[in-house]
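Notes for the one structure printed next.
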There are 2 protein chains.
Amino acid sequence: MNDTQTDNAGVLPIADMICFSVYSAGHAFNRVYKPLLDRLGVTYPQYLVLISLWDRDDQTVGALGKALMLESNTLTPLLKRLEGMGLVSRARDPQDERQVRVKLTEAGRALRGEADSITMCILEATGLPIEELRDLQTKIVRLRDHLNRAAA
Amino acid sequence: MNDTQTDNAGVLPIADMICFSVYSAGHAFNRVYKPLLDRLGVTYPQYLVLISLWDRDDQTVGALGKALMLESNTLTPLLKRLEGMGLVSRARDPQDERQVRVKLTEAGRALRGEADSITMCILEATGLPIEELRDLQTKIVRLRDHLNRAAA
DNA sequence: TGCGATTAAATCGTGCGCGATTTATATAAG
DNA sequence: CTTATATAAATCGCGCACGATTTAATCGCA
């Protein structure tokens with residue numbers, strides 16, 4: 001026991017905690033994405049919404065929330081910002097007025113052309129080969145799904 | 001090409017993006033931590049500060065920021081909240097008045113007793129064996145450090 | 001048909017995270 | 001010494017996240 005201060009039995013140093021690794025890795029991704037997304041004028045969560053709509057246009061707030069694992073209290077103001085920028089439109093579904101359908105505008109579709117180069121920059125920045133990233137991705141998803149099941 | 005809408009060449013579905021896995025795994029950790037930390041009355045970032053101080057008391061804002069990879073604009077208000085709760089004290093260093101030294105109060109030290117059971121709950125919630133978590137942790141740290149180096 | 005229960009978004013308040021800037025102190029160079 | 005530079009923290013503004021609540025529309029069922 002040669003700790004500088006106290007008996008550390010039990011409590012891991014922060015650097016060794018997997019939750020902190022995930023937490024700080026999220027911040028690190030943001031730092032890499034920021035300058036790339038600044039050129040599009042969108043934030044990272046906004047970019048995720050665009051990706052989701054590029055894949056499937058005309059989704060409800062709820063469907064977007066399910067895909068991104070976010071609630072309407074997060075998405076509603078974010079979508080209003082995207083609408084304000086002219087990248088998406090929001091309108092009540094006439095078939096079910098409770099739902100709001102989100103669609104890409106022409107400007108929103110146009111940004112899709114930038115996505116591939118951004119992805120390449122990110123892959124480059126990870127410094128890891130693609131197979132390793134895929135493997136890591138699979139493991140993190142498994143971890144996340146376990147956590148979400150435990151939280152429910 | 002049997003996509004419902006468009007030609008998806010190049011843009012991965014969100015679910016397959018490693019950045020999104022990390023992003024959503026961070027949220028998942030928070031969801032598991034929330035009810036555990038609520039009983040202590042602290043948030044997850046505040047808890048990280050406490051862990052850092054339990055390991056080494058009497059740190060400057062800058063040192064905490066380095067450990068947690070956060071800036072003073074994030075830490076200062078957070079530390080003021082911890083001070084308001086009576087868990088830490090903040091005081092200018094007489095040797096260098098630019099620096100603020102953060103120390104645990106008796107109440108702050110007392111919370112340390114709860115930490116082990118929280119860690120056990122989290123490990124349990126991951127649903128993964130300890131060796132696998134350690135391996136995953138190492139890989140995520142490597143990814144994070146690559147990203148931070150690329151962002152710099 | 002009517003009315004309670006359910007569902008979908010939106011609203012509100014709090015606490016991060018961070019870019020940009022400011023304030024205050026310390027250090028270095030002439 | 002004094003002035004320029006560097007460093008540490010704080011301040012300000014904005015955009016997430018999310019718990020709790022509210023509003024509005026639909027569904028279930030007698």
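Quantities reported herein were computed from a predicted structural model and do not represent experimental measurements. Chain identifiers are assigned alphabetically (A, B, ...) following the order of the sequence lines, protein sequences preceding nucleic acid strands; residue numbering begins at 1 within each chain.
- With rounding to the nearest 0.5 Å, the separation of OG in A:Ser24 from CG in B:Leu143 is 10.0 Å.
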Protein and nucleotides 23-26 of chain D: nitrogen or oxygen contacts under 3.5 angstrom:
{"unit_1": "D:dT26", "atom_1": "OP1", "unit_2": "A:Glu97", "atom_2": "N", "d": "3.2"}

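- Of the possible donor and acceptor atoms, none in the side chain of A:Thr76 sits under 3.5 Å from a partner among the backbone N and O of A:Asn73.
- No donor-acceptor distance shorter than 3.5 angstrom exists from the side chain of B:Asp55 to the backbone of A:Pro13, with no hydrogens or angles considered.
- Of all heavy-atom pairs between A:Gly108 and A:Trp54, the closest is O-NE1, 3.0 Å.
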Polar atom pairs (N or O), protein with nucleotides 11-15 of chain D, under 3.5 Å:
{"unit_1": "D:dT11", "atom_1": "OP2", "unit_2": "B:Lys80", "atom_2": "NZ", "d": "2.5"}

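- Remark: B:Arg90 engages B:Glu83 in a side-chain hydrogen bond (donor to acceptor under 3.5 Å, both in side chains) (not counting sequence neighbours).
- Of all heavy-atom pairs spanning A:Leu147 and B:Ala28, the tightest one is CB-CB, 3.8 Å.
- Among all heavy-atom pairs drawn from B:Cys121 and B:Leu36, the shortest one is CB-CD1, 3.7 Å.
- Contact annotation for A:Leu75: no contact, since no heavy-atom pair falls under 4.0 Å across all strands.
- Contact between B:Phe20 and A:Tyr44 at its shortest, heavy atoms only, is N-OH, 3.4 Å.
- Of the residues in residues 139-152 of chain A, none lies under 4.0 Å from DNA chain D by heavy-atom distance.
- Scored by the side-chain hydrogen bond (donor to acceptor under 3.5 Å, both in side chains) test, A:Gln137 finds B:Ser21 as partners (sequence neighbours excluded).
- Partners of B:His27 according to the ring-ring contact (aromatic ring centres under 6.0 Å, His included) rule, which considers only residues two or more places apart in sequence or in another chain, are B:Tyr23.
- Ionic pairing of A:Lys103 and A:Asp58 is present here: one or more N-O contacts between side-chain nitrogen and carboxylate oxygen are shorter than 4.0 angstrom.
- Applying the salt bridge (Lys or Arg N to Asp or Glu O under 4.0 Å) test to A:Glu131 and every residue at least two apart in sequence or in another chain returns nothing.
- For the segment residues 26-38 of chain B, the set of residues with a heavy atom within less than 4.0 Å of an atom of DNA chain D comprises B:His27, B:Arg31, in numerical order.
- Evaluation of the side-chain hydrogen bond (donor to acceptor under 3.5 Å, both in side chains) rule for B:Asn148 yields A:Arg31 as partners, not counting sequence neighbours.
- Panel note: side chain A:Ser52, backbone A:Leu64; no donor-acceptor pair is recorded below 3.5 Å.
- Using a 4.0 Å heavy-atom cutoff across all strands shown, B:Arg101 reaches no nucleic acid atom at all.
- Within residues 59-69 of chain A, the residues approaching DNA chain C are A:Thr60, A:Val61, A:Gly62, by heavy-atom distance under 4.0 Å.
- Where DNA chain C meets chain B (any atom under 4.0 Å from a heavy atom), the bounding nucleotides read 5' to 3' are C:dG15 to C:dA26.
- B:Glu132 has its side chain out of reach of B:Asp135: every pair of non-hydrogen atoms, C-beta onward, lies at least 4.5 Å apart.
- For the helix from C:dT1-D:dA30 to C:dG30-D:dC1, the terminal axes (five pairs an end, C1' atoms, rotation from four pairs onto the next four) enclose an angle of 10°, given to 10 degrees.
- Heavy atoms only, all atoms of each residue included: B:Ile140 and A:Ala25 are closest at CG2-CB, 3.8 Å.
- Under the 3.5 Å distance criterion, the side-chain polar atoms of A:Thr126 are matched with a main-chain donor or acceptor of A:Leu123.
- Other residues, nucleotides and ligands place more than 12 heavy atoms under 6.0 Å from the CD atom of A:Glu97.
- Heavy-atom minimum distance, B:Leu53 versus B:Val102: CD2-O, 3.7 Å.
- By the criterion of side-chain heavy atoms lying less than 4.5 angstrom apart, applied directly or through intervening Ile, Leu, Val, Met, Phe, Trp or Tyr residues, A:Ile18 is not grouped with B:Val141; the two fall into different hydrophobic clusters.
- Within 4.0 Å of A:Glu71, counting heavy atoms only, lies no atom of the nucleic acid at all.
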